[in-house]
Amino acid sequence: DAGITQSPRHKVTETGTPVTLRCHQTENHRYMYWYRQDPGHGLRLIHYSYGVKDTDKGEVSDGYSVSRSKTEDFLLTLESATSSQTSVYFCAIRGQGSYNEQFFGPGTRLTVL
Amino acid sequence: QQQVKQSPQSLIVQKGGISIINCAYENTAFDYFPWYQQFPGKGPALLIAIRPDVSEKKEGRFTISFNKSAKQFSLHIMDSQPGDSATYFCAASITGANSKLTFGKGITLSVRP
């Protein structure tokens with residue numbers, strides 16, 4: 001599992017509430033990613049980080065923000081959750097090799113009612 | 001425009017048979033092509049990957065075949081087993097400092113006993 005943990009693993013929340021998901025890694029990887037997985041859409045990149053306090057948007061970043069104040073933690077925040085953000089969220093890290101080998105965490109299932 | 005397209009959408013194979021999953025890409029700058037395997041309730045796991053300087057790569061029962069001129073690559077699972085039943089994603093990326101993986105939508109493989 002490349003030393004990646006995600007918390008919480010499951011969350012049910014209501015529309016309009018803020019939600020923060022945490023990704024924690026133990027192996028000092030520089031690159032970290034947040035994806036969402038939905039039926040029929042595969043895995044879509046939300047945001048990624050290439051170092052402490054260095055982040056950039058992915059293809060589905062609207063409604064999400066991220067922060068990375070320490071190498072080991074990458075936080076994904078939904079400022080005001082909507083039902084369209086009901087999904088499974090995966091964090092990934094990039095391995096140390098030359099190519100973009102990514103290793104995924106166990107996921108967080110988020111339901112927005 | 002979907003840059004990475006998988007086919008078929010689902011696949012049923014008998015135990016001991018060969019499973020073949022295809023992936024087509026648009027961007028000729030892609031230079032890294034991984035396949036991921038995902039079991040229900042788990043994160044995607046890197047299965048095997050190929051670079052365009054080789055036409056085939058084999059790891060155990062899993063083989064990637066790469067056709068640069070056709071912009072296609074495929075995953076072959078020999079002697080398919082019920083334990084191979086999972087969702088399979090192809091992906092592609094361009095090597096670089098902030099490279100990102102572009103994923104196909106995934107296909108569900110069922111191996112019948």
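Keep in mind that what you see is a predicted model, and the values were worked out from it rather than measured. Worth knowing before you read on, the calculation uses all heavy atoms, side chains too, and leaves out hydrogens, waters and symmetry mates.
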Which bit of [X] is near chain B, if near means a heavy-atom gap under 4.5 Å: side chain, backbone, both or neither?
{"X": "A:Leu45", "value": "side chain"}
{"X": "A:Glu101", "value": "both"}
{"X": "A:Arg94", "value": "side chain"}
{"X": "A:Arg9", "value": "side chain"}

Are [Y] and [X] linked, directly or through intermediate hydrophobic residues, by side-chain heavy-atom contacts shorter than 4.5 Å (ILVMFWY only)?
{"X": "A:Leu113", "Y": "A:Leu78", "answer": "no"}
{"X": "B:Tyr88", "Y": "B:Ile20", "answer": "no"}
{"X": "A:Val60", "Y": "A:Met32", "answer": "yes"}
{"X": "A:Leu75", "Y": "A:Ile93", "answer": "no"}
{"X": "A:Val88", "Y": "B:Phe89", "answer": "yes"}

Any donor-acceptor pair under 3.5 Å from A:Asn100 side chain to B:Ser99 backbone: yes
Beyond-backbone contact of [X] with [Y], side-chain heavy atoms, under 4.5 angstrom:
{"X": "A:Arg44", "Y": "B:Phe103", "value": "no"}
{"X": "A:Tyr35", "Y": "B:Leu101", "value": "yes"}
{"X": "B:Tyr36", "Y": "A:Leu43", "value": "no"}
{"X": "A:Glu59", "Y": "B:Lys100", "value": "no"}

Heavy-atom count around A:Glu14 CD within 6.0 Å, excluding the residue itself: above 12? no
Of the backbone (N, CA, C, O) and the side chain (C-beta and beyond), which part of B:Pro34 lies under 4.5 Å from a heavy atom of chain A, both, or neither? neither
If you tally heavy-atom pairs under 4.5 Å against chain A, which of [options] wins?
{"options": "B:Pro44, B:Ser93, B:Gly43, B:Gly41", "result": "B:Pro44"}
{"options": "B:Asp31, B:Leu46, B:Ile94", "result": "B:Leu46"}
{"options": "B:Lys42, B:Gln9, B:Gln38", "result": "B:Gln38"}

For the candidates A:Gly40, A:Cys91, A:Ala92, which exhibits the highest count of non-hydrogen atom pairs separated by less than 4.5 Å from chain B? A:Gly40
When rounded to the nearest 0.5 Å, the distance separating CG of A:Asp38 from NZ of B:Lys105 is 11.0 Å
